[in-house]
Number of protein chains: 2
Amino acid sequence: MEEQAVIRALGALAQETRLRILRYLVTMGPAGAAAGDISQEVGASASRTSFHLSTLADAGLINATRASRSIIYRVDFDAMGGMIGYLVRDCCKSDPRVTTCC
Amino acid sequence: MEEQAVIRALGALAQETRLRILRYLVTMGPAGAAAGDISQEVGASASRTSFHLSTLADAGLINATRASRSIIYRVDFDAMGGMIGYLVRDCCKSDPRVTTCC
DNA sequence: CTCCTATTTCAACTTTTGTTGAAATATAAT
DNA sequence: ATTATATTTCAACAAAAGTTGAAATAGGAG
């Protein structure tokens, strides 16, 4: 992952509602969750949730697929791994104080 | 590391100049670097660099110590590890697609 | 086709973040 | 004391991000 993509991903996660959305989607695994469910889960309005979902999707951290009337969102674990790998390796030169944490 | 601290740390890194500062400080290791050197290295004005250094320090990712007229900044690798550990474990439940990256 | 549900888009607005250059502070050298 | 160096702080401004509620779009059911 290149620097600009990493910056977007970091910015996407640096927000309470979005971090909660991501955590929720992680727990939902491959099944994912519909926008409406996410909205309820994180206690945010539909439009606010939609905005944050777009931000996460633009950053490549989640994917959207339509299923009938709902739109299902899922975590892109590879993108998360890409971002974290950048931080650990490119940024922190795989310093042991960093790598031991994972 | 708790959620709010993680959000601050993510926000601190989600900016080009600050990410560059952190990368530079990682390469400098325990010796660290003076604000002026960092300013030159990243090509930012003194006040802009000072602002970004404060942001990183407030987020706990770097530390400052005075050495004569200069102020030396160093990466706090444990804080970086704390932030990354949160992403990997609390956030991604240590999913293999994430942990294999580090 | 009309109605209902799910979600997004939009415009107006508020808040937060980043930039600039000048002034202030702190330390050291002469 | 005076001067020079290193860095921060400040106020003014510019730009980006987040919130709100209403309207628009898309798909399915009657």
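Below, read A as the first sequence line, B as the second, and so on, with proteins coming before strands; counting in each chain starts at 1. For the numbers below, each heavy atom of this structure counts, side chains included, while hydrogens, waters and symmetry mates do not.
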Rounding to an integer number of Å, can you tell me how far [X] [atom1] sits from [N] [atom2]?
X     : N      : atom1 : atom2 : answer
A:E16 : D:dT19 : CD    : C1'   : 15 Å
B:D58 : D:dT9  : CG    : C1'   : 14 Å
B:Q40 : D:dT7  : CD    : C1'   : 14 Å
B:L10 : D:dA17 : CG    : P     : 15 Å

Of residues 26-39 of chain B, the positions that come close to DNA chain D - non-hydrogen atoms, cut-off under 4.0 Å: B:A34, B:A35, B:G36
pair [X]-[Y]: side-chain heavy atoms closer than 4.5 Å:
X     : Y     : answer
B:D90 : B:V6  : no
A:L87 : A:C92 : no
B:Q4  : A:E16 : yes

Whether B:E2 side chain and B:A5 backbone form a donor-acceptor pair below 3.5 Å: no
Donor-acceptor under 3.5 Å (B:R74 side chain, B:P30 main chain): yes
Euclidean distance, A:S54 OG relative to A:Y73 OH, rounded to 0.5 Å: 5.5 Å
With A:L56, the side-chain contact (heavy atoms from CB on, under 4.5 Å) member among A:L13, A:N63, A:L25: A:L13
Any A:Y73 side-chain N or O less than 4.0 Å from OP1/OP2 of C:dT8: yes
Pairing of B:K93 and B:D95 as salt bridge, 4.0 angstrom limit: no
Per-nucleotide protein contact string for nucleotides 15-30 of chain C, where B marks a base within reach and S marks sugar-phosphate only (heavy atoms under 4.0 Å, - for neither): ---BBBBB----BS--
Sugar-phosphate, base or nothing in reach of B:S50, heavy atoms under 4.0 Å: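 Counting heavy atoms under 4.0 Å across all strands, the contact made by B:S50 includes a base.
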